[in-house]
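Written below as structure tokens is the structure these notes are about.
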Amino acid sequence: MAQAFLTYEQQINLLQNDKALSIYDSDFAKTILQKISYYSLIDGYKGPFKPLRSGKFYYGVTFEEITAFYYFDEELRTLFLKYILHVERQLKSMLSYYFCEKYGEQDTEYLDIHNYALTKRNYSNVNRLVNSMKKVIALPSRYTYIAHHANTYGNVPLWVAMNAFTFGQVSKMYQYERFSSKISR
């Protein structure tokens with residue numbers, strides 16, 4: 001059965017009385033619940049502050065500590081994301097460069113399953129990867145730059161398509177490519 005709707009005041013009351021969470025500043029708690037939501041904050045970050053299968057928090061745990069933990073985690077995720085995006089951009093750049101250097105710039109080359117390290121075991125995965133890439137560059141496209149290249153040049157080179165590919169597609173492409181020694185330098 002779904003949890004019933006609770007006002008911010010009721011949420012604060014539930015945390016203090018039923019869950020034994022110390023709240024020093026109810027106005028602060030209400031503001032945080034408005035910004036983050038009960039579910040995102042309390043359900044998302046209760047783990048280290050509450051015994052398993054218990055409805056109550058450890059003695060002395062405060063709302064402010066859980067909020068600080070949430071903001072610390074947010075900052076850490078933001079920091080990691082920044083550097084992960086740099087790595088992703090470089091991987092996409094290098095992968096498209098070496099792939100095109102070896103096979104050429106036509107989209108038919110990166111959409112050809114035979115330009116990947118095919119085995120009986122990975123054949124269906126490579127085929128699935130190529131089909132997912134075909135969908136990304138298919139017209140009509142939600143990416144104006146893909147539509148522009150397809151309509152103007154009749155080709156969407158890999159270095160253009162890479163901007164639309166997901167990290168999952170790129171990692172699969174890397175997994176099945178044949179020249180990883182050049183990329184891993």
Can you tell if the side chain of Met173 reaches within under 4.5 Å of the side chain of Glu177, non-hydrogen atoms only?
no
Quick check: are there more than 12 heavy atoms from other residues, nucleotides or ligands sitting under 6.0 Å from CD of Gln90?
no
Just by distance, do the side chain of Asn115 and the backbone of Tyr110 share a donor-acceptor pair under 3.5 Å?
no
From His86 NE2 over to Leu91 CG, what is the distance, rounded to the nearest 0.5 angstrom?
14.5 Å
Please lay out, stage by stage, how Arg178 and Lys102 fare under the test side-chain contact (heavy atoms from CB on, under 4.5 Å).
CA-CA 10 Å; Arg178 297 180 183 190; Lys102 183 169 183 171; 3.9 Å; yes
What about His148 and Tyr143, are their ring centers closer than 6.0 Å?
no
side-chain contact (heavy atoms from CB on, under 4.5 Å) for Asp112 and Gln106? Distances and angles first, verdict last.
CA-CA 10 Å; Asp112 182 349; Gln106 295 299 308; over 6 Å; no
How far apart are the C-alpha atoms of Met162 and Val170, what are their side-chain angles, what is the distance that settles it, and do they pass the side-chain contact (heavy atoms from CB on, under 4.5 Å) test?
CA-CA 8 Å; Met162 274 295 185; Val170 173; 3.8 Å; yes
Side-chain (Ser96) to main-chain (Ser93) donor-acceptor, under 3.5 angstrom
yes
Consider only side-chain heavy atoms of I, L, V, M, F, W and Y, link residues closer than 4.5 Å, and tell whether Phe167 and Val136 are in one cluster.
yes
May I ask whether Val87 and Leu79 are part of the same hydrophobic cluster, defined by side-chain heavy atoms of I, L, V, M, F, W, Y residues being less than 4.5 angstrom apart, directly or through others?
no
Within-4.5 Å side-chain heavy-atom neighbours: Lys19 and Lys50
yes
Is there a side-chain contact between Leu158 and Phe165 in this structure, where contact means two heavy atoms from C-beta onward sitting under 4.5 Å apart?
yes
Indicate if Tyr145 and Ile137 have the same hydrophobic cluster label, given that clusters are the connected sets of ILVMFWY residues with side-chain heavy-atom separations under 4.5 angstrom.
yes
With a 3.5 Å distance limit and no angle check, can you tell me whether Ser171 reaches the backbone of Gly168 through a side-chain donor-acceptor pair?
yes
Less than 4.5 Å apart, any side-chain heavy atom of Leu111 and any of Asn131?
no
How long is the span from the NE2 atom in His149 to the OG atom in Ser141, to the nearest 0.5 Å?
12.0 Å
If you group Ile, Leu, Val, Met, Phe, Trp and Tyr by side-chain heavy-atom gaps below 4.5 Å, do Met133 and Leu139 land in one group?
no
Supply the atom-to-atom distance Asn17 CG to Lys56 NZ, rounded to the nearest 0.5 angstrom.
8.5 Å
Reported CD-to-OG distance for the pair Gln11 and Ser37, which is rounded to 0.5 angstrom
8.0 Å
Please output the side-chain donor-acceptor pairs of residues 122-129 that fall under 3.5 Å, not counting sequence neighbours, one pair per line with the distance.
unit_1	atom_1	unit_2	atom_2	d
Asn122	OD1	Thr119	N	2.8
Asn122	OD1	Thr119	OG1	3.2
Asn122	ND2	Ala117	O	2.8
Asn125	OD1	Arg128	NH2	2.6
Asn125	ND2	Tyr176	OH	3.3

Least distance between heavy atoms, Ser132 atom then Gln169 atom
OG-NE2, 3.1 Å
Determine yes or no for a side-chain-to-main-chain donor-acceptor pair under 3.5 angstrom, with Gln10 supplying the side chain and Thr7 the backbone.
yes
Assess the residue pair Lys92 and Trp159 against the criterion (side-chain contact (heavy atoms from CB on, under 4.5 Å)); give the C-alpha distance rounded to whole Å, side-chain angles, the decisive distance to 0.1 Å, and a yes or no.
CA-CA 8 Å; Lys92 285 180 172 185; Trp159 62 83; over 6 Å; no
Linking directly or through intermediates, with side-chain heavy atoms under 4.5 Å: list the remaining ILVMFWY members grouped with Tyr71, chain and number order.
Leu6, Tyr8, Ile12, Leu14, Leu15, Leu21, Ile23, Phe28, Ile32, Leu33, Ile36, Tyr38, Leu41, Ile42, Tyr45, Phe49, Phe57, Tyr58, Val61, Phe63, Ile66, Phe69, Tyr70
With a 4.5 Å limit on heavy-atom distance, are the side chains of Tyr174 and Phe99 in contact?
no
Main-chain N/O of Asp107 paired with Asn155 side-chain donor or acceptor, under 3.5 Å
yes
Side-chain contact test, heavy atoms from C-beta onward, threshold under 4.5 Å: evaluate it for Glu88 versus Thr166 and give yes or no.
no
Scanning both residues in full, the closest heavy-atom pair of Ser26 with Gln16 reads OG-NE2, 4.5 Å
